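To keep things clear, I will list the structure first and then write my remarks on it.
Numbers restart at 1 for each chain; the letters A, B, ... are given by sequence-line order, proteins then strands. Owing to the predicted nature of the structure, the values given are computational and were not obtained by experimental measurement.
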Number of protein chains: 2
Amino acid sequence: MRVGELAKRSGVPVPTIKYYLREGLLPAGVLTSPNQAHYDDEHLRRLRLVRALVDVGGLSIASVREVLAAIDTRDESLHNKLGAVQEAISQPSPVELDPLAIKDVQDFFARHGQTECVDVTESNVTHMLAAALSSARSVGHDSIKELLDPYLEGLKIIARADLDYVAQHRSPDDVIEAMVVGTLIGDTVLKAVRRLAHAQVSAEVLGDVPAPGRAD
Amino acid sequence: MRVGELAKRSGVPVPTIKYYLREGLLPAGVLTSPNQAHYDDEHLRRLRLVRALVDVGGLSIASVREVLAAIDTRDESLHNKLGAVQEAISQPSPVELDPLAIKDVQDFFARHGQTECVDVTESNVTHMLAAALSSARSVGHDSIKELLDPYLEGLKIIARADLDYVAQHRSPDDVIEAMVVGTLIGDTVLKAVRRLAHAQVSAEVLGDVPAPGRAD
DNA sequence: CCTGAATGGATAGCGGCACTCTCTACTATC
DNA sequence: GATAGTAGAGAGTGCCGCTATCCATTCAGG
């Protein structure tokens with residue numbers, strides 16, 4: 001197919017597709033003449049993935065490029081690849097880290113037998129966690145660290161489901177893509193369902209009546 | 001204190017503080033003369049909250065304004081206020097909704113006894129969920145909907161912890177703020193911990209050795 | 001009381017990002 | 001041969017979150 005049809009089938013405007021091509025988010029089509037190229041279903045699939053990462057995952061174009069690079073790398077173990085993708089989809093926030101928050105993260109790791117991680121800034125993921133706790137501290141909510149353990153408890157169930165989902169896929173490429181999609185879209189799903197759970201819980205506890213003094 | 005000290009104590013540059021004042025994210029200080037105003041700890045607290053929402057929550061200035069407005073509204077029930085905050089911190093994505101994904105969301109609600117919600121686009125939260133599932137469908141991962149139930153399972157534990165955390169706070173204002181901080185910073189914490197859980201699980205299953213054929 | 005730094009208030013400018021427009025030279029199609 | 005579409009590339013756009021500049025005023029130190 002040519003770019004026009006790719007645009008029609010994906011819902012992405014032609015100029016945007018050209019932009020993605022320039023930015024390296026989409027491999028070039030096969031040139032049949034100096035100004036004619038041919039795109040296949042793989043391009044369509046990739047284009048939809050890019051849109052999913054941008055629209056739902058909220059990734060920047062640069063991050064998408066990193067993620068795709070990690071997906072496309074062929075000479076690494078699956079585990080390393082997953083790690084690279086994790087890093088790419090977890091951009092650090094510009095918050096400066098509070099040493100006490102770093103301590104909280106280290107304690108958390110220690111509590112769960114992970115004694116390796118000494119330098120929190122080493123990984124985007126741990127940096128993200130430390131940044132979140134730092135921010136919480138700065139607004140006087142340092143006790144939010146008490147949530148870490150129950151969160152882990154709930155996340156064990158969730159991570160198991162994620163794993164089962166990813167395990168459905170056969171080829172390593174599909175596994176990686178499932179991981180990316182599952183993680184990023186999963187984040188959004190989690191966010192939404194958590195809010196629904198909050199709403200339900202708050203309705204139960206607070207009800208429509210303003211009676212906060214009830215013993216539960 | 002004056003703006004210079006506010007800047008020093010918060011780490012936010014003076015011009016940025018002025019910008020926030022203009023944008024209504026920060027109430028004006030008490031004028032003691034035509035060009036002298038006095039700011040108190042409440043301003044500092046609010047300023048830190050704004051930074052937390054922007055840096056960790058990733059909210060736009062406009063969303064922050066909405067959240068603060070919801071926090072500051074005085075004439076609504078706590079439950080309504082929480083709902084307003086939820087909406088404000090859940091911006092809809094520009095994805096167009098797949099009817100099948102909408103059906104998935106409705107089925108999910110039906111499975112859990114929530115029969116009220118007919119129109120998914122009514123709330124930003126349900127819209128977010130439907131958008132995420134739509135995107136998943138578009139990249140060929142429609143079976144991600146199977147994750148909804150296990151996610152809810154894990155999130156029940158998490159939401160309970162959230163509720164306990166919020167319940168520690170006395171005044172309604174503190175409850176609202178705890179809800180905002182707990183939800184937004186909690187999102188980031190959840191994201192990070194989930195990634196750590198993934199990494200751990202993938203290390204266990206895949207190990208450093210490329211032996212995918214092991215029976216678990 | 002004088003001087004230099006800081007302040008409130010307002011307007012304009014900047015840098016980054018994700019496109020979007022425009023143009024040229026060409027080609028497929030009717 | 002007219003028309004529509006295409007590759008490729010550079011410039012332009014719109015928004016967002018600041019940042020710079022300016023002015024009249026005022027505070028703080030000597």
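What separates CZ of Arg65(A) from P of dC19(C) is a distance of 13 Å, to the nearest Å. Between His43(B) atom NE2 and dG8(C) atom P there is a gap of 11 Å when expressed in whole angstrom units. Atom-to-atom, CD of Glu23(A) to P of dG16(C) comes out at 15 Å; the value is rounded to the nearest Å. Nucleotide dC16(D) holds its P atom 14 Å from the CG atom of Leu25(B), rounded to whole Å. Rounding to whole angstrom units, CD of residue Glu5(B) and C1' of dT7(C) are separated by 14 Å. Following rounding to the nearest Å, Gln36(B) (CD) and dA28(D) (P) show an atom-to-atom distance of 8 Å. In this structure, NE2 of His38(B) is placed 13 Å from P of dC27(D), rounded to the nearest angstrom. Regarding Leu26(B), its CG atom lies at a distance of 16 Å from the C1' atom of dT7(C), rounded to whole Å.
Comparing Arg51(B) and Pro34(B) along DNA chain D, the residue whose closest nucleotide (by nearest heavy atom) sits nearer the 5' end is Arg51(B).
Residue-level contact check: Leu21(A) touches neither bases nor backbone, having no heavy atom under 4.0 Å from any strand. Here Pro15(A) lies in heavy-atom contact (under 4.0 Å) with a base.
Nearest nucleotide to the side chain of Leu31(B), out of dT20(C), dA28(C), dG8(C): dG8(C). Residue Ile61(A) has its side chain nearest to dA18(C) when only dA7(D), dA18(C), dT26(D) are considered. Here dG8(C) is the nucleotide among dG8(C), dG5(D), dC19(C) with the atom lying nearest to any side-chain atom of Asn35(B). Comparing atom distances between the Arg2(B) side chain and each of dA28(D), dT19(D), dT6(D) picks out dA28(D) as nearest.
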### Task
Please step through side chain to side chain contact (heavy atoms under 4.5 Å, CB included) for the pair Ile185(B) and Val189(B), ending with a clear verdict.
CA-CA 6 Å; Ile185(B) 296 191; Val189(B) 171; 4.2 Å; yes
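Using a 4.0 Å cut-off, some side-chain N or O of Thr16(B) falls inside it from OP1 or OP2 of dT19(D). Of the side-chain N and O atoms in Ser33(B), one or more sit less than 4.0 angstrom from OP1 or OP2 of dC27(D). The side chain of Tyr39(A) contributes no N or O atom lying less than 4.0 Å from OP1 or OP2 of dT6(D). Listed pair Tyr19(A) / dC17(C) fails the phosphate criterion, with no side-chain N or O lying under 4.0 Å from OP1 or OP2. OP1 and OP2 of dT19(D) both lie 4.0 Å or more from every side-chain N or O belonging to Tyr20(B).
Evaluation of atom-type donor-acceptor distances gives no pair under 3.5 Å for the side chain of Lys18(B) against the base of dA10(C). At a cut-off of 3.5 angstrom, counting only N and O atoms as typed in the model, there is a donor on one side and an acceptor on the other between the side-chain of Arg22(A) and the base of dG10(D).
In summary, the side chains of Ser138(B) and Ser135(B) do not present any donor paired with an acceptor at a separation below 3.5 Å, with no hydrogens or angles considered. Glu96(B) and Ser134(B) are not linked by any side-chain donor-acceptor pair at a separation below 3.5 angstrom, with hydrogens and angles left out of the test. In summary, the side chains of Arg51(A) and Tyr20(A) do present a donor paired with an acceptor at a separation below 3.5 Å, with no hydrogens or angles considered.
Checked options Asn124(B), Val85(B), Thr126(B), Thr183(B); the residue passing with Ser90(B) is Asn124(B) (criterion: side-chain contact (heavy atoms from CB on, under 4.5 Å)).
Taking OG from Ser93(B) and CE from Met128(B), the interatomic distance works out to 8.0 Å, rounded to the nearest 0.5 Å.
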